[in-house]
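First the proteins, then the strands, lettered A, B, ... as listed; each starts at 1. Just so you know, these numbers use all the heavy atoms, side chains as well, and skip hydrogens, waters and symmetry mates.
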Number of protein chains: 2
Amino acid sequence: MVRVTITQVAAHAGVSVASASRALNGQIASAETIAKVRHAAAVLGYVADATAQSLQRGRTNQLAYAVADIGNPVYVEMMSAIERVVSASGYRLLLSSTGTTSSSVDVVRDLGRGYVDGMILSPLRITDELLTALAQSPTPVVVLGRLPDGARLDTVRADSFTAMRLIVDHLVTEGRRDIAFVNGPTDTTPGAFRRDGFAAAVTSHPYLSTRTVDAQDFTIAAGYTAVRQVLAGDQRPDAVVAANDLIAIGAIRAAEDLGLTIPRDIAVTGIDNTELAGVVRPGLTSVDLGAEERGRVAAELLLARIAEPSRAAHTVTVAPSLVVRGSSLVAGHGPKRVAPALEHGDEATAFGTEEAAG
Amino acid sequence: MVRVTITQVAAHAGVSVASASRALNGQIASAETIAKVRHAAAVLGYVADATAQSLQRGRTNQLAYAVADIGNPVYVEMMSAIERVVSASGYRLLLSSTGTTSSSVDVVRDLGRGYVDGMILSPLRITDELLTALAQSPTPVVVLGRLPDGARLDTVRADSFTAMRLIVDHLVTEGRRDIAFVNGPTDTTPGAFRRDGFAAAVTSHPYLSTRTVDAQDFTIAAGYTAVRQVLAGDQRPDAVVAANDLIAIGAIRAAEDLGLTIPRDIAVTGIDNTELAGVVRPGLTSVDLGAEERGRVAAELLLARIAEPSRAAHTVTVAPSLVVRGSSLVAGHGPKRVAPALEHGDEATAFGTEEAAG
DNA sequence: CTGAAAGCGCTAACAA
DNA sequence: TTGTTAGCGCTTTCAG
């Protein structure tokens, strides 16, 4: 299995390399040349070298998805959606983990090496340093998450404010009056926005009693610990609003271990509507932030920017939807979904908002 | 942000491109040259172009992981492990989905394009066509799964026979005597080996009553459907052995919907010991096939082969371990793990077997 | 329509 | 130690 080059194909076909290249790429060439070259290529088992093509054409046909914590089901869901769009467009997908060795900033800086034509970045924290790196990046980057106003970048974001409002309103409707909000770290983008979203949602219900605890991170274990702490207090809340499904599952465990029954003694809600939400018992009421859709849209924005580098920066906000399951109900209604209508995995949903700027 | 090349760095530093290259790559060069070149590179913001380096050096520093169904937690777990090893060795990881557009065979054939230095392949079905493509591949491939004897390829595999034996023995110990085996499609590699493994495991217990159903695929929905069918029969089994955790969760749902209590009326077991197993109630007894370890070992084998292409083909078998949770117990013991000792996520486990051949 | 030649950006001989 | 030169394999002017 020795590497066969276009030079050998050309020689075998009795034409120049230029003709061979043209014939192979569907450029202008006589029928006879095409036939000879095709034949030679087939006989020799020729396949064009991707690296050489990349160098010559100035593009790699590769895109990257950079995320801190692959392993979190939400990011996997996004990645699947991205992969689908990307491979359908003839690109290969590269996975860059930003968690361990390198930070988001490093990853963005490394883009200068030109190993991909574009990147989708899901940063945990958005720092000034990162924004600078993004602004200077020679390769287009689409950011999943909320950027400061004025950042001229393609962005796809969830709507944490609406999400929190949906949850709080629902709990109020179900008669809950004392809500503990278990957030993740507030120095992360999701943590910060869920904190603010919760605060905003609560203002509509001044009679509510609320408190907030920050879990160490967005995991089951951290959720468990945080909720044990909350439930150890004097006054037990009648609802726990968790910042994501993993924390929520930790909350369910903690409540169970204290002999509480969900939802009778305490309601629990999550965010992300991952597969886990449908698997635990009682089913976990959760807000679907449209991970699949966000991934798909991000990939589409990236492809559009590559096709037209000078186009205006777009920001797409994906509308959340509440999926009600047993963990938050008083009596045993079945699961239902609250506005806007959106089935999990549904492909045909409209964008919440799209604004072009810059 | 215009692309700056080594030529410009050399000019700025007042040396030749060769000297610039040597200085940048830690080759032999005078201290003064190094200083000048480093300075020039810093001033101009130079970063070497990855594609040009690849073309020249003849390697891409990229490895690929090809899998049909990313989204299945097991493959995500493997991918994380692979990513860790790969990025620690300075390689980038590419994700090739073989499910939708292209088959495993296409993916392997495409390796001829030279866009990666090696690949880890997790094929759902191993066909002669695939074996041929693998044998002819110019780039090394490590296969996750069981290959026919005589295939001179690096392989990492789980031990389905031991896995099934652990489960069946456990259920027998717990007093179960009528076992329904709910497999996935038997024309897939896992399906075929789990079928054979179950058959073998059962022979040690001739007094057992058993039956087998094949679910449509390895999903919760398919498991649910298959188990509804099983439980509709005249004689209800006292245990369901599912071919993976997803099918097992479908089984739990089906049993619950028929008003059965797990494990009192019926025991349920899974395979893979995914995160889901610890999250459902009752906890799902499951065999850990060492996904994390298999991924890690596969990556290590690949790196070893790239370093030494002519070395003998290795086959590593990872030992399974049974993780007992509530879904299979008669009385309420806590969770426990049966031989060999292996904690979920444990990094420091020995290989079950390693044989070198070829 | 075809071939010769240049060159993508880089590294590695080879001489000097 | 350094610079000159030759490619890596391919695509693309530019003459013919």
Let's see if you can work this out: which of [options] has an atom nearest to the side-chain heavy atoms of [X]?
{"X": "B/S21", "options": "C/dG9, C/dT2, C/dT11", "result": "C/dT11"}
{"X": "A/L55", "options": "D/dT1, C/dA4, D/dG9", "result": "D/dG9"}
{"X": "B/A52", "options": "C/dC10, D/dG9, C/dG3", "result": "C/dC10"}
{"X": "B/Q53", "options": "D/dC10, C/dC10, D/dT2", "result": "C/dC10"}
{"X": "B/R22", "options": "D/dT2, D/dT12, C/dT2", "result": "D/dT2"}

Atom pair distance, as rounded to whole Å: [atom1] in [X] and [atom2] in [N]:
{"X": "A/N25", "N": "D/dT13", "atom1": "CG", "atom2": "P", "result": "13 Å"}
{"X": "A/K36", "N": "C/dC1", "atom1": "NZ", "atom2": "P", "result": "14 Å"}
{"X": "B/Q27", "N": "D/dG3", "atom1": "CD", "atom2": "C1'", "result": "15 Å"}
{"X": "A/N61", "N": "D/dC10", "atom1": "CG", "atom2": "P", "result": "15 Å"}
{"X": "B/R59", "N": "D/dG9", "atom1": "CZ", "atom2": "P", "result": "15 Å"}
{"X": "A/I28", "N": "D/dT11", "atom1": "CD1", "atom2": "C1'", "result": "16 Å"}
{"X": "B/I6", "N": "D/dC8", "atom1": "CD1", "atom2": "C1'", "result": "15 Å"}
{"X": "A/R57", "N": "C/dA6", "atom1": "CZ", "atom2": "P", "result": "22 Å"}

Where each residue is assigned the nucleotide of DNA chain D containing its nearest heavy atom, which of B/E32 and A/V4 is assigned the position nearer the 5′ end?
->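 Nearest nucleotide further toward 5': that of B/E32.
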Does any donor-acceptor pair link the side chain of B/Q56 with the base of D/dG7 at a separation under 3.5 Å?
-> yes
Give one of base, sugar-phosphate or nothing for A/T33, where a contact means two heavy atoms less than 4.0 Å apart.
-> sugar-phosphate
Quick one: label B/A29 by what it contacts on the DNA or RNA (base, sugar-phosphate, nothing), any heavy atom closer than 4.0 Å.
-> sugar-phosphate
So, is [X] near the phosphate of [N], with a side-chain N or O under 4.0 Å from OP1 or OP2?
{"X": "B/S30", "N": "D/dT2", "result": "yes"}
{"X": "A/Y115", "N": "C/dG9", "result": "no"}
{"X": "A/T51", "N": "D/dC8", "result": "no"}

Any side-chain heavy-atom pair of B/T5 and B/V17 under 4.5 Å =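 They are not in contact (no side-chain heavy atoms under 4.5 Å apart), so the answer is no.
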Starting at CD of B/E300, measure out to OG of B/S89 and round the result to the nearest 0.5 Å.
->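 Here the interatomic distance stands at 8.5 Å.
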B/L95 CG to A/I82 CD1 distance, which is reported to the nearest 0.5 Å |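 B/L95 atom CG to A/I82 atom CD1 measures 11.0 Å (nearest 0.5 Å).
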Using the closest heavy atom to pick a nucleotide of DNA chain C for each, name whichever of A/S16 or B/D49 lands nearer the 5' end.
-> A/S16
For atom CD of A/E32, is the number of surrounding heavy atoms from other residues, nucleotides or ligands below 6.0 Å larger than 12?
->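 Not buried by this count: 12 neighbours or fewer within 6.0 Å.
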Check whether more than 12 heavy atoms from other residues, nucleotides or ligands sit under 6.0 Å from atom CG of B/D187, and answer yes or no.
->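 Atom CG in B/D187 is packed in, count exceeds 12.
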Sort out for me which residue in B/L94, B/V86, B/V85 forms a side chain to side chain contact (heavy atoms under 4.5 Å, CB included) with B/L63.
->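 Result: among B/L94, B/V86, B/V85, B/V86 is the only option passing the side chain to side chain contact (heavy atoms under 4.5 Å, CB included) with B/L63.
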